[in-house]
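Residue numbers start from 1 in every chain, and the chains themselves are labelled A, B, ... in the order their sequence lines are given, proteins ahead of strands.
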Amino acid sequence: MIELDNIAYSYGGGELLSDVSLKLAPGSFHFLTGPSGSGKTTFLKLCYGALTPTSGQVQLFGKDVRNMTRDDHAMTRRQIGVVHQDCQFLDHLPVRENVALPLTVSGRETLEQHSNLKELLSWVGLGHRANALPPELSGGERQRAALARAVIMSPDVVLADEPTGNVDWEMSQRLLQLLVELNKMGKTILIATHDLNLIRSAKHHVQARVLRISGRKLQLAGADL
Amino acid sequence: MSKKLRLSSLIVGDAQADRVVPPTGFTARLTLFAAGAMAFLTVFALALSLASGRLAARWGAELAQSSTLRISAPAEQVGAQTAAALAVLESTPGVASARALSAEEQRGLLAPWFGPDLPIDSLPIPQLVEIVETEEGYDVAGLRLRLQAEVPGAVLDDHTRWRRPLERAAARLRLLGLVSIGLIGAAIAAMITLAANAALAANSQVISVLRLIGAQDHYIASAFVRRFTLRALSGAFVGTAIGALAIFLMPSAQEDGGFLTGLGFEGAGWFSLLLIPIVAAVVAYFATGSAARRTLSELT
Ligand SMILES: Nc1ncnc2c1ncn2[C@@H]1O[C@H](COP(=O)(O)OP(=O)(O)O)[C@@H](O)[C@H]1O
Ligand SMILES: [Mg+2]
């Protein structure tokens, strides 16, 4: 589904990533770690086609990102659920409509989907906040709303960028649990985080592989965390 | 998605697509006002071109016919000179026909000024000859020379002399009216493009969120296009209605009134007013569409 073949990326200065190859197997669970500024967000953006590698090839669902049109990109964003580091919403619409937005813009808003929406909101624990406006949400609530929005289209892959970035430990465990549940339902999960404790705590629930960005390269980390 | 489908959803309205962009009261009011003002101006430009068009057509039609020959001579010579004049006219290329008016016709022409009981036979009234030209017309100077030689008492009144420049002026006025309408249309397109650009810039965060969750460009564009199209439509509708009312309430003149009071709409002309809001909406549709496409194509 997501395949990176020997890619490099640079924002214009020196190379941030080089010689990176990765093939996300369906149903796998990956952590991506590395110090702040090492390029985790950049790597995720390459994975969902927001950035095009400066060299090498990225294939999304069998399509080379270099040959994708703007509409193709819009379509892949419906197949890859992304929880962004700074999750942004339409601040004038309530949480309920923000979470349903991917359905709305793809014209797939049906009655059946609406009952799913209710279930989804209570699954992430936001059933009672459905009518709140995004600026009224706490950090953890925002992250969970973003997660709900990322999965409402039933994507095969979910990419999460520091989903536990600014929430307390208890909340981060809850978010992790939601992502593990998604993985048990067959979704491929990739979580970028610099929080090693989070990775350690996940080991009890799921068989996860840990990728580390170090010295511009992507390495498979051992069990030595 | 087909064009047709998109157009129908534009008209019926996709309330949800409209909601994704937050309402902006100020640009909305400015757009409404500008569209209204432009439509108001268009009503007058349109009235001007229609009225001057009518005027040009009327004068043009009258031109086709008439000039008049006036024969003033001592009573005993009138008959002979009239016959001579008719003979000259009949042999003049460009004259379709020429006819001496009868005494009754002359009395009829004078009645409005002197009353019906005018003893026309006892007055030295000139004999009138009506000349109907062919399409090409005749050589006025040549005819004058021949008449001078053969009918000393004849004076040729050539109406085309003063009507032809007037007809040209009326046609030019109509052209100016049409050019004004074109300029107003271009101005409204420019204005809506600016307003749409401002709205797109003000909503850049909304647009980027929509992009991130997989909205296609045409979906994002349609939210803006629909808005501006409806604003232009309703603003222009109100402006047109006010302009039409102003024209309708203008003091009306007698049938053959001057040019100014002839400014107005007749019959089907009123229906042409309906075109103003429709054209404004079409202009807004394309102006916003191209502004949105341009902005979106610059985003990643
Ligand atoms: N749009 C950008 N333009 C230029 N440099 C950028 C841009 N985004 C990120 N960077 C730089 O790239 C490096 C990696 O950033 P990022 O991928 O966000 O790292 P991480 O997510 O691991 O903290 C940082 O040094 C950052 O300053
Ligand atoms: Mg980051």
Side-chain angles (χ1 to χ4, degrees), chain A residues 44-46 48-52 60 65 68-94 96-110 113-114 133-135 145-155 159 161, chain B residues 1-28 198-227 289-300:
Chain A
L44 289 189
K45 283 182 175 167
L46 288 161
Y48 64 86
L51 294 175
T52 309
L60 304 179
V65 282
M68 284 168 58
T69 63
R70 289 176 60 76
D71 279 353
D72 288 338
H73 278 288
M75 298 320 271
T76 45
R77 284 174 197 188
R78 298 175 190 180
Q79 292 169 285
I80 303 177
V82 183
V83 181
H84 299 274
Q85 189 164 8
D86 55 334
C87 31
Q88 296 197 345
F89 298 95
L90 299 187
D91 288 343
H92 64 289
L93 294 181
R96 177 171 39 81
E97 288 184 47
N98 265 290
V99 169
L101 209 54
L103 294 174
T104 311
V105 303
S106 59
R108 276 176 39 187
E109 225 178 354
T110 60
Q113 302 276 14
H114 267 285
L133 292 177
L147 180 61
R149 186 178 65 181
V151 300
I152 194 156
M153 296 287 281
S154 312
L159 309 180
D161 194 357
Chain B
M1 210 192 285
S2 74
K3 264 234 152 62
K4 224 177 186 171
L5 202 79
R6 252 185 263 170
L7 199 65
S8 74
S9 80
L10 177 89
I11 291 159
V12 176
D14 181 346
Q16 189 61 43
D18 217 20
R19 276 170 56 73
V20 299
V21 181
T24 44
F26 190 57
T27 27
L200 287 159
N203 288 294
S204 61
Q205 204 230 333
V206 168
I207 293 174
S208 80
V209 169
L210 290 174
R211 278 293 295 168
L212 283 176
I213 55 138
Q216 288 175 319
D217 284 350
H218 73 75
Y219 181 89
I220 302 171
S222 75
F224 290 92
V225 168
R226 179 166 184 272
R227 238 167 227 230
S290 77
R293 272 190 300 280
R294 207 169 36 243
T295 304
L296 289 171
S297 69
E298 283 162 9
L299 302 175
T300 46

Inset, instruction - May I ask you to decide if Leu296(B)'s main-chain N or O and Arg70(A)'s side chain share a donor-acceptor pair within less than 3.5 Å? - result: yes

Inset, instruction - Starting at CG of Leu212(B), measure out to CZ of Arg149(A) and round the result to the nearest 0.5 Å. - result: 7.5 Å

Legend entry - CZ-OG1 distance between Arg19(B) and Thr104(A), expressed to the nearest 0.5 angstrom: 9.5 Å

Inset, instruction - Drop me the distance from Ile213(B)'s CD1 to Ile152(A)'s CD1, to the nearest 0.5 angstrom. - result: 10.0 Å

Legend entry - chain A interface, residue from Ala215(B), Ser208(B), Gly214(B) that has the most non-hydrogen pairs under 4.5 Å: Gly214(B)

Legend entry - side chain to side chain donor-acceptor pair (under 3.5 Å) involving Gln85(A) - partner list, sequence neighbours excluded: Thr41(A)

Legend entry - Top of Ile220(B), Val206(B), Val209(B), Leu210(B) for chain A proximity - count of heavy-atom pairs under 4.5 angstrom: Val209(B)

